[in-house]
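See below for the structure under consideration.
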Amino acid sequence: MNYWLMKSEPDAFSYDDLVRKGKAEWDGVRNHAAQGHMRAMRRGDLSIFYHSNIGVEAVGIMEIVEEAAPDSTDDSGKWIAVHVAPRERLAKSVTLKAMKADSALSNMVMLRQSRLSVAPLTKAEFDHIVAMSKA
DNA sequence: GCCAACGTTGGC
DNA sequence: GCCAACGTTGGC
């Protein structure tokens with residue numbers, strides 16, 4: 001199983017919105033690196049849900065429930081999307097500041113390339129963020 | 001609102 | 001195929 005981190009601006013689509021819907025298409029990703037990561041996702045993989053711009057923090061865990069398929073918001077046929085479902089909200093959100101300050105996360109792809117909206121996490125990084133949310 | 005990082009576009 | 005110009009993302 002693989003682990004991921006996916007960003008959304010909460011005023012467009014928040015973790016609460018995902019909980020309310022129960023399942024959602026993660027659409028609108030128009031970056032080749034991020035698309036590559038989404039193509040590599042498998043059913044059952046887990047992802048951190050991260051709020052960008054507002055909050056700037058990891059807020060929940062979600063599960064990949066459907067693998068890459070054409071993005072319904074794309075007319076060109078070039079882009080794919082996956083479907084996700086909420087797993088659990090983090091007891092305490094983990095801020096970008098806290099992640100940057102933690103040496104255990106110094107190689108995290110999202111910290112090294114802040115504009116990437118879909119990024120892989122190692123199992124150790126994923127577990128570490130979850131542990132931080134419980135500290 | 002500003003700016004750094006980075007992706008895309010288009011001229012050559 | 002290079003690179004300047006420009007647009008977008010996202011943190012602050």
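All values reported here derive from a predicted model rather than from experimental measurement.
- Of the residues in residues 110-117 of chain A, those placing a heavy atom less than 4.0 Å from an atom of DNA chain B are A:Q113, A:R115, in numerical order.
- First and last contacts of DNA chain B with chain A, using any nucleotide atom under 4.0 Å from a protein heavy atom and ordered 5' to 3', fall at B:dA5 to B:dT8.
- Within residues 27-41 of chain A, no residue is approached by DNA chain C to less than 4.0 Å at the level of any non-hydrogen atom.
- Note on A:K123 versus A:D127: salt bridge recorded, some NZ/NE/NH1/NH2 to OD/OE distance being below 4.0 Å.
- Contact of the A:M110 side chain with the A:L96 side chain is registered, since non-hydrogen atoms from C-beta on lie closer than 4.5 Å.
- Annotation: side chain of A:V29 is in contact with side chain of A:S117 (closest heavy-atom distance under 4.5 Å).
- A:K100 comes within 4.0 angstrom of sugar-phosphate atoms only, judged by non-hydrogen atoms across all strands, and of no base.
- Between A:I48 and A:F126 the shortest side-chain heavy-atom distance falls below 4.5 Å.
- With a 4.5 Å cut-off on side-chain heavy atoms, A:V19 and A:R89 count as touching.
- For residues 23-36 of chain A, the set of pairs meeting the side-chain hydrogen bond (donor to acceptor under 3.5 Å, both in side chains) definition, not counting sequence neighbours, comprises A:K23-A:E66, A:E25-A:S72, A:R30-A:D71, A:R30-A:T73.
- Put simply, the side chain of A:T95 does not reach to within 4.5 Å of the side chain of A:V56, judged on heavy atoms.
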Got a list of side-chain donor-acceptor pairs under 3.5 Å for residues 37-44 of chain A, not counting sequence neighbours?
residue, atom, partner, partner atom, Å
A:R42, NH1, A:R39, O, 3.1
A:R43, NH1, A:V65, O, 3.0

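- Side-chain contact check for A:I129 versus A:L121: some heavy-atom pair is nearer than 4.5 Å.
- Listed by first and then second residue, the side-chain hydrogen bond (donor to acceptor under 3.5 Å, both in side chains) pairs that reach into residues 51-62 of chain A are A:E9-A:N53, A:E57-A:S93, sequence neighbours excluded.
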